[in-house]
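Notes for the one structure printed next.
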There are 2 protein chains.
Amino acid sequence: CASDSDDQTETPDVVVVTVGTEDTHGLQRFERSARINGVHVEVLGKGTAWRGGDMKRPGGGHKVNLLRDWIDQAYDSLDSDTLVIFTDSYDVVLLGGADELRERFLALRHRIIFAAEPFCWPDAGLAARYPPPDTSTPSPYLNSGGFIGRLEDLRRLIRAADIDDNADDQLHYTRLYLDPKVRADLDIVLDHNATIFQTLNGALSDVKLHSSEDGWAWLENIVSGTRPLILHGNGPAKLELNALSNYLPRVRTPDRCHICEELKTPLKDEPRVLLAVFIEQPTPFLDEFLQSILDIDYPKDKLELLVRNNVEYHETTVDAWFSRVSGKYASGKRLRPADQLPEHTARMIVLERATAGASSYVFSVDSVARVTPNTLRSLLESGVDVVAPFLARPGEAWSNFWGALSPDGYYVRAHDYMDIVNGKLRGLWSVPFINNCYLLKVDLFRQPRLKEVTFKVEGRDPDMVFCESLRERGVFMYVNNEEAYGHLINPEWFDPRHTNPDIYEIIHNRQEWEDRYISPEYWQSLEKTYEPSMPCPDVYWFPVVTPRFCKEWIEVMEAYGKWSDGSNKDTRLEGGYEAVPTRDIHMKQVGLETQWLRFLKDYIRPLQEKTFLGYYHDPPVSLMNFVVRYRPDEQPSLRPHHDSSTYTINLALNTVGEDYTGGGCRFIRYNCSVQDTKRGWILMHPGRLTHYHEGLKVISGTRYIMISFIDP
Amino acid sequence: CASDSDDQTETPDVVVVTVGTEDTHGLQRFERSARINGVHVEVLGKGTAWRGGDMKRPGGGHKVNLLRDWIDQAYDSLDSDTLVIFTDSYDVVLLGGADELRERFLALRHRIIFAAEPFCWPDAGLAARYPPPDTSTPSPYLNSGGFIGRLEDLRRLIRAADIDDNADDQLHYTRLYLDPKVRADLDIVLDHNATIFQTLNGALSDVKLHSSEDGWAWLENIVSGTRPLILHGNGPAKLELNALSNYLPRVRTPDRCHICEELKTPLKDEPRVLLAVFIEQPTPFLDEFLQSILDIDYPKDKLELLVRNNVEYHETTVDAWFSRVSGKYASGKRLRPADQLPEHTARMIVLERATAGASSYVFSVDSVARVTPNTLRSLLESGVDVVAPFLARPGEAWSNFWGALSPDGYYVRAHDYMDIVNGKLRGLWSVPFINNCYLLKVDLFRQPRLKEVTFKVEGRDPDMVFCESLRERGVFMYVNNEEAYGHLINPEWFDPRHTNPDIYEIIHNRQEWEDRYISPEYWQSLEKTYEPSMPCPDVYWFPVVTPRFCKEWIEVMEAYGKWSDGSNKDTRLEGGYEAVPTRDIHMKQVGLETQWLRFLKDYIRPLQEKTFLGYYHDPPVSLMNFVVRYRPDEQPSLRPHHDSSTYTINLALNTVGEDYTGGGCRFIRYNCSVQDTKRGWILMHPGRLTHYHEGLKVISGTRYIMISFIDP
Ligand SMILES: O=C(O)CCC(=O)C(=O)O
Ligand SMILES: O=C(O)CCC(=O)C(=O)O
Ligand SMILES: [Fe+2]
Ligand SMILES: [Fe+2]
Ligand SMILES: [Mn+2]
Ligand SMILES: [Mn+2]
Ligand SMILES: [Mn+2]
Ligand SMILES: [Mn+2]
């Protein structure tokens with residue numbers, strides 16, 4: 001019943017009222033913020049069709065009318081001095097509870113308090129009619145996204161004038177406020193100091209995120225020194241609200257992602273997933289990529305495989321792989337280079353197959369993404385509809401998400417971007433852009449408002465178009481870095497014109513390179529207590545590269561084929577003269593010089609430093625890096641000599657007894673030979689003074705070794 | 001009796017007639033040449049006072065008159081058709097025998113034949129009155145130093161006109177020849193083609209010395225293709241005659257010095273010798289010089305010692321030495337710096353003491369000469385009056401004689417100079433200049449014509465003045481290189497301002513340096529089969545320098561005294577920074593850098609090449625050469641490090657256990673230390689990679705080492 005009394009209670013009930021015709025991610029976030037703060041929320045219009053226009057333009061009268069209807073009802077059931085707070089919902093979060101709201105309201109000692117903002121919108125002409133504010137303020141104008149007053153006062157406010165559903169609510173309330181009689185009657189003021197309401201548009205530099213002692217974040221308005229209770233990402237400030245709502249309210253503490261725990265829903269049964277694989281560009285280490293797809297820890301009969309390859313160079317590989325594995329999956333479909341589909345079409349085909357099909361999720365993986373087997377499961381359990389596993393190029397800032405956007409929609413580094421990339425902050429992050437690998441909940445895309453989601457704007461990147469399309473529809477995208485889900489490889493330098501182009505990738509895709517080419521035994525040699533084998537005095541023997549390395553390396557040389565003629569004249573050298581010539585190919589000739597120097601720095605130098613104590617030379621310098629070919633009918637041996645090196649490495653590329661007989665390296669001063677060389681193992685020996693040596697005669701077959709004269 | 005017959009015999013007797021009023025070296029040479037060729041010589045005027053003027057100016061009528069007297073006598077005792085050859089003697093040698101002379105004479109088919117020469121002398125105006133010669137000839141004019149004819153014809157010639165003793169003989173005969181009647185009557189011709197007579201003045205390029213198959217030399221006149229039989233060093237060509245008479249006639253074959261054997265006279269008893277020692281300039285290795293004087297293999301009671309020292313710097317040494325040894329000699333006399341005598345005076349004092357005294361010889365030795373003990377004896381036996389042992393700066397062309405003179409009396413390289421210096425030709429050589437060490441027969445200087453021999457012409461070198469003075473008096477000087485008599489040291493770079501200046505002399509006086517400073521044990525290390533000691537792997541140990549080296553080297557450093565402060569800042573280095581600093585003095589600071597580099601090249605490099613097979617780097621490069629001083633209270637040790645070298649040498653300069661305790665060098669990778677280092681021995685070890693090492697702590701005393709980082 002309505003109260004007649006003037007003595008309003010000092011502890012009125014508090015009701016938060018909002019409008020949410022659709023159950024968007026924004027509304028869910030708002031409701032959570034209310035729940036977290038123990039505030040009761042009335043969501044008006046749920047299930048009703050929205051008639052208030054879209055949020056970019058003036059509109060929203062529908063909100064006013066929904067509120068009027070609620071007040072009419074509430075006035076019967078609630079105390080008339082109940083404190084009612086009206087706010088938007090999709091772009092608002094609550095930062096405080098009922099007690100705080102009441103307290104602040106009472107302390108302000110006015111009957112109706114509206115949020116304030118820096119812009120006089122939508123009718124800038126009205127600015128002149130504002131009364132001069134008490135203090136100079138950065139937010140002189142009324143914002144209608146939040147106001148507070150007792151039920152009876154709001155009732156009078158709402159009855160003071162009518163509004164069409166599609167008229168603008170802010171214009172409506174502004175006019176009322178600017179009517180001196182209404183303003184005085186109802187004692188309406190604006191919350192210039194953000195005592196309760198913080199609007200973000202135009203006010204980003206007024207606010208600062210703090211961490212309190214208990215680890216929760218809180219927001220200060222640093223202009224007025226207040227701690228606002230209701231945060232409104234009005235107008236274009238929605239992305240900033242998204243960013244702040246990665247922390248507020250009570251989303252995470254520095255070492256714990258509370259929201260992750262709230263959202264996490266363990267898989268009961270395994271939903272069907274459309275596994276979409278995209279190969280859009282020549283990609284190093286595609287073998288390993290395809291294997292990583294196969295390694296996804298999920299029942300293959302719950303996976304519908306769709307492989308889109310748009311790279312002719314990879315087609316043979318992809319074809320072989322698909323033929324081999326597709327049968328294991330619930331279904332298999334391919335889009336081949338020959339189909340000549342643009343990327344956006346291919347991606348749309350996937351989305352359409354999903355919404356039309358039986359899968360509950362799409363797991364989309366580009367060939368540059370390298371995910372761990374557990375990734376899919378983790379994402380499925382994460383409880384959000386659109387989520388990417390965090391992936392980055394190892395050691396680089398480049399990742400598969402953006403933390404912020406420039407006004408024209410490109411990457412901008414967010415304040416917490418590097419902390420997320422480095423894993424200093426972990427969890428689930430609402431971000432404006434993700435790509436390369438993500439999970440989509442298919443149901444989301446069945447909603448009418450997402451029907452027109454697209455990948456296609458001519459001349460723009462399909463991923464950027466897609467994400468923008470989602471942002472416009474109020475879809476929240478997340479990146480998850482709770483766990484390590486893998487990384488991105490770097491396809492930029494990959495050149496398929498090379499023979500075995502992956503072997504050129506040591507610099508830009510070190511991890512893949514290492515996994516494929518560095519011998520698993522290599523790592524033992526770096527252990528503190530490991531005693532390397534020493535077949536001759538101060539000649540050390542280490543396993544370094546894999547058989548595959550050796551095979552591919554030889555193939556590169558033989559494909560190039562221009563072996564030197566073994567004469568002393570050598571135009572590849574500075575002096576044009578080689579005193580003890582081999583038949584060889586220099587790394588410079590096959591474009592592998594820089595790569596090989598990186599190999600020396602990253603894999604050989606650590607061995608050297610362990611072996612030859614106290615010698616440091618980083619990076620190692622080596623001007624002479626070459627593969628030698630010994631053959632009985634060509635050059636079978638090499639006469640005694642020193643190398644122009646501080647130390648030399650001599651890598652056996654093939655196998656004595658299998659590929660050739662004879663051969664080896666003899667250290668003359670020690671009368672000691674290494675003949676049982678092992679493929680993939682290096683000999684490391686001093687070059688200049690003590691280790692006078694010769695290449696022993698190859699009797700049959702062909703012997704290949706890779707030599708570097710290090711620190712000449 | 002005189003013959004009346006016209007049919008002259010076809011094999012007349014041959015008589016050579018010459019004038020030799022004094023028994024000069026030239027006359028002796030002439031007589032030998034006659035003897036060698038089996039020719040009978042009549043020497044006229046022996047013992048008679050010469051009245052013919054001196055030989056530089058016109059004169060010589062006395063010769064004509066002596067010949068006239070002889071002919072008058074001979075006409076009674078010899079056949080009138082006896083073939084008479086008249087020649088000069090002091091500047092003539094015979095190159096052929098009686099048969100050849102007769103044959104050539106008969107073949108020429110004229111009655112009187114005069115030598116010819118290029119100059120119309122002494123009256124050039126007479127040239128116009130010469131009959132045109134048969135052929136164009138470089139020697140159109142009469143020379144009176146040689147003519148040939150039958151006794152009766154020469155009698156007619158000599159009677160055709162009178163001449164005063166002091167008138168000019170050549171003018172006299174020229175006038176007769178130019179008188180057409182006399183010329184026709186006596187059938188006088190000139191030997192334009194040098195069929196018999198070769199005059200040398202102005203004709204040096206007409207002759208060439210050849211070696212015949214039996215090894216003897218012979219002279220060709222290359223203009224006319226003849227082989228002259230009588231060689232006349234007329235006028236200023238005396239020096240060239242001296243040079244040719246080192247070969248002609250039958251003086252030597254390429255491998256045997258016949259003249260040496262002819263002259264050699266074994267010592268029967270040991271004549272008394274005035275041993276004159278001259279120290280005219282600061283001289284390196286004077287200790288060794290004084291010892292070499294003492295070492296002369298000769299009874300000291302037959303030696304009168306005269307020591308002239310003109311160098312204040314050496315006086316202490318000389319004084320001590322003289323006091324110690326002079327008593328052993330027959331007599332001892334000194335000329336000291338305090339006497340302030342110029343060199344020429346000192347040298348003249350010696351000569352005067354000799355001629356006035358009881359010694360038969362003067363043996364003069366300058367401090368730059370280093371003679372073997374046998375030198376004096378060999379020279380005494382050599383059979384010539386003025387003779388120098390051949391001495392040269394090792395490896396240089398600089399020696400103690402000159403083979404030829406420029407017109408102004410300075411050194412010119414003779415055609416055989418280098419062969420003599422190199423010992424390709426050996427024996428006794430008549431030369432125009434000797435110095436530094438020579439033997440003089442005192443009797444020679446008692447002869448009247450040598451009374452005015454002198455060392456003094458103001459502003460000229462006393463040695464040059466002396467030799468010129470001898471040449472003018474017809475004294476032949478010899479250099480003897482039959483045996484090795486020693487060498488010259490090079491005083492030019494010696495700088496007594498240094499501490500121990502001799503140790504700076506490795507470059508310019510290598511042999512002395514080596515004898516004093518290189519350990520006798522060093523040489524064993526170079527032997528093929530020598531196995532060097534290896535106290536740690538690839539660390540080699542060699543004895544290299546003597547204790548005296550070590551002592552002097554330390555003295556040089558301590559006298560300099562500016563030890564570095566042991567901090568990382570080191571302005572002596574290019575980068576200004578030393579990572580592992582020692583307290584040290586660099587060789588550059590004490591002016592020993594170049595010397596040390598030579599030491600490395602000459603003594604260390606050969607060890608390295610034997611030790612580290614196949615490594616060649618000549619010369620070794622070393623930028624860091626320094627003496628380190630370790631002391632408990634200063635810098636006692638050196639932390640683990642590598643050297644910036646291909647190999648390092650570490651030379652112990654003093655003795656562990658005596659001079660200090662502790663110290664030594666530890667090679668960390670091999671866990672191997674060398675603590676019992678030996679003074680004068682080096683450690684040689686690889687610098688950069690394998691031989692991480694440290695300098696162990698000196699517990700007491702001072703340890704000095706010399707370090708070089710070779711081939712950085
Ligand atoms: O044949 C070998 O193992 C030695 C090769 C070698 O010493 C070189 O290439 O410098
Ligand atoms: O004390 C020693 O023997 C070592 C000296 C040394 O290693 C150096 O000076 O580099
Ligand atoms: Fe080699
Ligand atoms: Fe060292
Ligand atoms: Mn809003
Ligand atoms: Mn893309
Ligand atoms: Mn003469
Ligand atoms: Mn002199």
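Reminder, nothing fancy here: chain letters follow the sequence lines and each chain counts from 1.
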To see if you've got the definition right, give the donor-acceptor pairs under 3.5 angstrom between chain A and chain B.
from: A/Asp538; atom 1: OD1; to: B/Arg669; atom 2: NH1; distance (Å): 3.3
from: A/Asp538; atom 1: OD1; to: B/Arg669; atom 2: NH2; distance (Å): 3.0
from: A/Asp538; atom 1: OD1; to: B/Tyr670; atom 2: OH; distance (Å): 3.3
from: A/Asp538; atom 1: OD2; to: B/Tyr670; atom 2: OH; distance (Å): 2.0
from: A/Tyr540; atom 1: OH; to: B/Arg669; atom 2: NH2; distance (Å): 2.6
from: A/Thr611; atom 1: O; to: B/Arg669; atom 2: NE; distance (Å): 2.8
from: A/Thr611; atom 1: O; to: B/Arg669; atom 2: NH2; distance (Å): 3.3
from: A/Leu613; atom 1: O; to: B/His642; atom 2: NE2; distance (Å): 2.9
from: A/His642; atom 1: NE2; to: B/Leu613; atom 2: O; distance (Å): 2.9
from: A/Arg669; atom 1: NE; to: B/Thr611; atom 2: O; distance (Å): 2.8
from: A/Arg669; atom 1: NH1; to: B/Asp538; atom 2: OD1; distance (Å): 3.3
from: A/Arg669; atom 1: NH2; to: B/Asp538; atom 2: OD1; distance (Å): 3.0
from: A/Arg669; atom 1: NH2; to: B/Tyr540; atom 2: OH; distance (Å): 2.6
from: A/Arg669; atom 1: NH2; to: B/Thr611; atom 2: O; distance (Å): 3.3
from: A/Tyr670; atom 1: OH; to: B/Asp538; atom 2: OD1; distance (Å): 3.3
from: A/Tyr670; atom 1: OH; to: B/Asp538; atom 2: OD2; distance (Å): 2.0

Disulfide bond (SG atoms under 2.5 Å apart) pairs touching residues 664-712 of chain A, sequence neighbours excluded, are A/Cys536-A/Cys672
Taking side chain as everything from C-beta outward and backbone as N, CA, C, O, which of these in B/Pro686 sits under 4.5 Å from a heavy atom of chain A? Side chain, backbone, both or neither.
both
Scan for disulfide bond (SG atoms under 2.5 Å apart) pairs involving residues 674-712 of chain A, sequence neighbours excluded, and state none if there are none.
none
Taking only residues two or more places apart in sequence, or in another chain, which ones meet B/Cys550 in a disulfide bond (SG atoms under 2.5 Å apart)?
none
